[in-house]
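Let me begin by presenting the structure, written as structure tokens, before commenting on it.
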Amino acid sequence: LNHTMSAVIRHMEQDEPSVRYEIAWVDNGNPSNLTTPITDSHQIEHALLLPQNAGLAYGMNLLIFNLCTAPYILLLEEDWLYLDWIVATQTEKRKRAIATALALLEQKELKSFDERS
């Protein structure tokens, strides 16, 4: 998770600087020796460390409905790997995929990614 968070933060700050973001995190019962490196390495605006594993759905519901304040949410799991080195070598349009998706979502008249109607 630490590697994935670092890669996503790098992507947001370097490739998508126009997109405002925050980090919200629910840890589902891991011991402190696993959570401390993450809290020490990243600026996490909203965190909830559960004392025991309450299940994926419970953790996601807490995250989405109690911690997140942004209008859009990108969910990550501890076993997901964000392939940052692949994203970093993409074209500028692909590097800005999140900003493009947000712009499309906020348009009244949606157009496709390549600007076809």
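Residue indices begin at 1 and follow the sequence shown. Worth saying up front: this structure is predicted, and the values here are computed from it rather than measured.
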- If you round to the nearest 0.5 Å, how far is CG of L50 from CD of Q52? 8.5 Å
- Spell out, as yes or no, whether a donor-acceptor pair under 3.5 Å connects the side chain of E45 to the backbone of I23. yes
- Same apolar cluster: I73 and V26, side chain cutoff 4.5 Å: yes
- Point-to-point distance, once rounded to the nearest 0.5 Å, from CG of L74 to OH of Y21: 12.0 Å
- Task: Calculate, to the nearest 0.5 Å, the distance between atoms CD and OG1 belonging to E16 and T100 respectively.
- Result: 7.0 Å
- Query: How about Y58: does its OH atom have over 12 heavy atoms from other parts shown lying under 6.0 Å from it?
  - Reply: no
- Query: Considering all heavy atoms of both residues, which atom of I9 and which atom of H42 are nearest to each other, and what is their separation?
  - Reply: CD1-ND1, 3.5 Å
- Query: Is it true that a side-chain atom of N2 and a backbone atom of I38 form a donor plus acceptor pair closer than 3.5 Å?
  - Reply: no
- Task: Look at the side-chain heavy atoms of Ile, Leu, Val, Met, Phe, Trp and Tyr, link any pair under 4.5 Å apart, and say whether L48 and L34 land in one connected group.
- Result: no
- Task: Measure the spacing between CG of L56 and CG of N61 and express it to the nearest 0.5 Å.
- Result: 9.0 Å
- Compare every heavy atom of L67 with every heavy atom of A47, then report the nearest pair and how far apart it is. C-CD1, 4.4 Å
- Item | With T35 via side chain to side chain contact (heavy atoms under 4.5 Å, CB included) - residues at least two apart | W25, D27, N30, S32, L49
